[in-house]
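Order of the sequence lines sets the chain letters (A, B, ...), proteins ahead of strands, with each chain counted from 1.
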Amino acid sequence: MTKELVIVESPTKARTIGRILGSGHTVIASLGHVRDLPKTRIGVDIKNDFSPEYVIPQDKRALVKEIKELAQDASTVYLATDPDREGEAISWHLIEAAGVDPKIVQRVVFHEITESAVKEAFEHPRALDMDLVDAQQARRVLDRLVGYELSPLVSKKLRWWGLSAGRVQSAALRIVVDREREVEAFIPVEHWSIGALLQKEGATGGKKANNSFTSHLHSKVGDKQALNIPDEASAKKLNDGLEGATFAVEKVQVRGVKQRPSAPFITSTLQQEAWRKLRYGARKTMSVAQQLYEGVTLGDQGSVGLITYMRTDSTNVAASAVQEARVHIKKAFGADYVPAQTRTYSRKVKGAQEAHEAIRPSSALRTPDRLRTFLNAEQHRLYDLIWKRFVASQMADAQVDRTTIDIHATAKSKQAYLFRATGSVLKFPGFRALYLEGQDDSDEDEAAKLLPTVAAGDALKNLGLESKQHFTEPPPRYSEASLVRSLEDKGIGRPSTYAAIVSTIQDRGYVQADRGRLTPTLLGKVVSDMLSSHFKQISDLNFTAKLEDELDEVAQGDRSWREMLSTFYGLFSTSIQEATENMPRQDIPTGETCELCGKPMNLKKNRWGSTFLSCSGFPECRNAKSTQVKTGVSCPDCGGDLMERKAKKGKRRSTFYGCSNYPTCNFAVNQKPVPEPCPECSGLMVQRGRITAKCTKCAYSEPLGSSEQSQGEEQEAEAVEA
DNA sequence: CAGTGAGCGAGCTTCCGCTTGACTT
């Protein structure tokens, strides 16, 4: 009997679909695209109406052959690739590459892999949507033209081989460079605050008692504007004037506030939260999530996929999963924690294609606790995060009472001041009993504090005034995760590429991560500026959003993809030509001067791929120095500077720290040295792991200095365990 | 696991987006 052939993209999906459809169907995975433009040449015949040249990559030949053979024996070939632009194109490439008879082809689409959704989809197949395929071809060809024409130009002008540029990576780079410029231009502004520790008159207990509370000077009574205290002198003047002032409660305002849970994870929010709570980079998060998706052997049940697909931009969730969550919530927390209505989340991400569900546990009933023995530590932590986020997303609102106490302080001079205290009380935890989203920026959260009960007219006792100095802070540098969020906001990149984008700009040497904070390198700044000044069209951060609108027109059948490309390329090729002729060749200045001839030193790359400083007077002056990064720590043997260095040998060129006086002194250590010497033997201390420092001479070790850690702006909100 | 590095100076990568294993030093 002839079988029906079903083609999906992922092997895990193939397994599940196979189970749902039963025998009579052969389900096979395409493993993504099976055809693409050739890697080694541009592969687009520009003069011939942008005709693409498609090839089947070596590692896909066998698969295509297998599909071809299966299709020859099949009565029907169902193309069940993902329901988006790329999925439609994968299907089309498949039948083209495998030479499948179009008469037996059917296209089916489903947005969730549940029995009902899949069966429903197979009852309503349709034909391939060539308009959608054409939109993908336009996207693919445009990216190829931009990437393969821009990259060599940048490389040539900077005399630096192997540089790259592209619609997406160059936008990501620009975002990082723009932020750095903001940080560089930022001038901190000083301001002061004055706090008063207060207590109800007649109450017992001193400063430490929990019936005391802190309030802050807000304004002069009668003034609408908050008081600005620019410097120490004015703070002291106010402080002195308030000595001996009388305090009384003017007004107490209590406002009931509802808090709603966050939407279940999509790729970008999972990457953000895994960074905030687990300090996993984008790559690591995706690879652990992939393991959970592909399945883990659970004792008796064999291999089970624990989460839904992890590359998604949709917060939609299958109705059956919501019901399961509600069952679990009722059992674990009680009926109060189950909202009357199921929650739906419809936050649309710009350019979202919504081909999959949100990232959720495949069953809410598989609690993290029950899986503990089957998962390794990383898998368990990430599963725990995904599970809690999803279950919480179906729980009741939290209810919080926000209290504001306005206090009048009357100074001896008779001047009246307004002090204000804020606090909040959790009346009903709701979803907060299980999960609370982490935060990027730590604005001092006064609102979390508990306030004692006071009423208007109550006289207050002043337990002490305190003035404090503050400075405004520059915007924080991006982490991989916050960069991904920014890209997503602008519709740049896709869930499957976020992790790769943040890797690419680092691999190219455009951006460096310092304790997770992305900082552009000299090279990165020069490349980015070069693109901004000569390729306005491409370097506009709205370019992708505009492109998506045009691709939509193609997908709707309102515009031809070749005409769209031709319009784009007209402008683009003019810029390329203009830049090729007029853009000057450029060096990468380092700001350092040659000590031999006084000319500026430039950054260059040698044939090993590592960078060095070269005198701009070359070849007259052959001075060259290595780009060493000082650690700021002295060599324990000779007092020279310890420098960060990279080993030449081996593929993963490991980092170590060696003396600047090499080869005279060949002191070296692998761990990063810390400035403070050992308190026991005054030997050199190095970092061991992330939080401890140990001595290289004796056995002494201690927690890493607090000065190291105070830089991380990202604080975690504490998740309350159920 | 331990040792790791000092002299480099224009050639053939490079794009984005969809998916997993395939490799050994």
Side-chain angles (χ1 to χ4, degrees), chain A residues 8-14 29-37 39-44 57 59-60 63 81-82 84-91 93 136 139-156 158-170 287 290 293-294 309 311 353 355 492-498 500-501 504 508 538 544 585 602 604-615 618-619 622-628 643 645-670:
Chain A
V8 297
E9 291 180 38
S10 130
T12 307
K13 205 165 164 180
S30 78
L31 304 173
H33 277 288
V34 296
R35 262 196 348 179
D36 193 12
L37 299 172
K39 241 180 136 91
T40 53
R41 53 186 182 277
I42 196 142
V44 178
D59 61 337
K60 288 292 168 69
L63 180 69
T81 51
D82 293 351
D84 56 20
R85 196 163 67 208
E86 295 296 330
E88 203 74 14
I90 289 173
S91 281
H93 279 303
Q136 192 273 348
R139 199 278 307 154
R140 180 67 188 95
V141 168
L142 183 143
D143 280 334
R144 170 54 65 95
L145 292 173
V146 171
Y148 275 35
E149 294 200 359
L150 224 40
S151 298
L153 179 67
V154 171
S155 295
K156 212 179 276 174
L158 291 178
R159 287 173 265 193
W160 188 298
W161 218 242
L163 294 182
S164 66
R167 172 177 61 87
V168 169
Q169 60 167 279
S170 298
S287 113
Q290 176 97 29
Y293 167 71
E294 284 179 2
Y309 197 57
R311 293 185 274 263
Q353 313 218 353
I492 300 170
R494 302 278 310 134
S496 65
T497 60
Y498 291 144
I501 297 163
T504 297
R508 293 277 175 276
I538 303 294
T544 293
R585 286 201 163 189
N602 293 327
K604 293 218 161 200
K605 192 163 97 165
N606 70 10
R607 68 191 135 173
W608 301 101
S610 53
T611 55
F612 69 101
L613 298 185
S614 156
C615 179
F618 182 85
R622 303 186 73 90
N623 191 20
K625 298 197 292 189
S626 65
T627 45
Q628 300 174 337
M643 312 299 261
R645 308 201 45 91
K646 279 215 182 344
K648 239 180 216 172
K649 284 203 294 188
K651 276 203 167 169
R652 17 174 265 262
R653 310 164 55 225
S654 57
T655 304
F656 68 100
Y657 303 87
C659 179
S660 58
N661 291 330
Y662 183 87
T664 322
C665 169
N666 54 11
F667 179 84
V669 282
N670 281 320

Participant: Among the candidates B/dT19, B/dG9, B/dC15, find the nucleotide nearest to the side-chain atoms of A/Ser614.
Facilitator: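 Side chain of A/Ser614 sits closest to B/dG9.
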Participant: I need the CG-P distance between A/Asp143 and B/dG17, as an integer number of Å.
Facilitator: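 After rounding, the reported distance stands at 6 Å.
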Participant: Between B/dG17, B/dC15, B/dG21, which nucleotide gets closest to the side-chain atoms of A/Tyr148?
Facilitator: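 Among the listed nucleotides, the one closest to the side chain of A/Tyr148 is B/dC15.
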Participant: Confirm from the modelled atom types if A/Arg167 and B/dC15 form a donor-acceptor pair under 3.5 Å, side chain to base only.
Facilitator: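 Donor-acceptor pair under 3.5 Å: no.
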Participant: Given A/His33, which of A/Lys60, A/Glu9, A/Glu86 fulfils the side chain to side chain donor-acceptor pair (under 3.5 Å) condition?
Facilitator: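 In the set A/Lys60, A/Glu9, A/Glu86, the residue that makes a side chain to side chain donor-acceptor pair (under 3.5 Å) with A/His33 is A/Glu86.
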Participant: Write down the distance between OH (A/Tyr657) and C1' (B/dG3), rounded to a whole number of angstrom.
Facilitator: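 One finds 16 Å between C1' of B/dG3 and OH of A/Tyr657, rounded.
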Participant: How long is the line joining OH of A/Tyr293 and P of B/dG21, in whole Å?
Facilitator: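 These atoms are roughly 11 Å apart.
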Participant: Quick check on DNA chain B: between A/Gly166 and A/Lys156, whose nearest nucleotide comes earlier from the 5' end?
Facilitator: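 Closer to the 5' end of DNA chain B: A/Lys156.
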Participant: Between B/dT14, B/dG17, B/dC12, which one does the side chain of A/Trp161 approach most closely?
Facilitator: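 Comparing B/dT14, B/dG17, B/dC12 against the side chain of A/Trp161, the answer is B/dC12.
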Participant: Of the nucleotides B/dG5, B/dT19, B/dC15, which has the atom closest to the A/Ala668 side chain?
Facilitator: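 Within the option list, the nearest is B/dG5.
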Participant: Check whether any side-chain heavy atom of A/Lys13 sits under 4.5 Å from a side-chain heavy atom of A/Asp82, and report yes or no.
Facilitator: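 With C-beta onward as the side chain, the pair touches.
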Participant: Give a yes or no on whether a donor-acceptor pair under 3.5 Å exists between the nucleobase atoms of B/dC15, that is its base, and the side chain of A/Arg140.
Facilitator: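 Looking at the base of B/dC15, it does pair with a donor or acceptor on the side chain of A/Arg140 (distance under 3.5 Å).
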Participant: Which of these nucleotides, B/dC18, B/dT20, B/dC15, is closest to any side-chain atom of A/Ser10?
Facilitator: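 So the nucleotide nearest the side chain must be B/dT20.
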